[in-house]
Amino acid sequence: MATITINYNARNRKALKLLEFLRSLDFIKIAEKPAPTKQKSGLELAYEDVAAGRVHRANDGEDLIRQCLAD
C-alpha cells in the first residue's frame, strides 16, 4: 500500500467534497492527523530579536536602571 499526504484548506468546499468522495471508496483508508507545528526555541527567538534590532546594552545594573527610567 502506498501513502500520500495531502495538505488542504479545511474551509474549501471542493477540498471537503474530495475528501468525502475518497472516504466513500472502500479501498482507500484515511488517517487524519493535524500538521505538526514547530515552536521556535528561545535561542531562535533571540536571534530574531538581534536581527531586528530589539536589543539594549548597559554597562552595569545602574546604567540599565538609568536607561529604563529615562524612557
**Fill in**
So CG of Asp60 and CZ of Arg66: to nearest 0.5 Å the spacing works out to 7.0 Å

**Asked** Honestly curious: do Val50 and Leu45 fall in one hydrophobic cluster under the side-chain, below-4.5 Å linking rule?
**Response** no

**Message:** Other residues, nucleotides and ligands only: do more than 12 of their heavy atoms fall within 6.0 Å of CZ on Arg54?
**Reply:** yes

**Request:** Have a look at Gln67 and tell me which of Asp63, Ile65, Leu69 forms a side-chain contact (heavy atoms from CB on, under 4.5 Å) with it.
**Result:** Asp63

**Asked** When rounded to the nearest 0.5 angstrom, what is the spacing between CG in Leu16 and CZ in Phe21?
**Response** 15.5 Å

**Message:** Would you compute the distance between atom CD1 of Ile6 and atom CD1 of Ile30 and round it to the nearest 0.5 angstrom?
**Reply:** 7.5 Å

**Request:** May I ask you to decide whether Glu20 forms a salt bridge with Arg13, counting only side-chain N to carboxylate O separations under 4.0 Å?
**Result:** no

**Item:** ILVMFWY network linking Tyr47 to Val55, side-chain heavy atoms under 4.5 angstrom
**Value:** no

**Item:** Glu44 to Gln39 - nearest heavy-atom pair and separation
**Value:** OE1-O, 4.5 Å

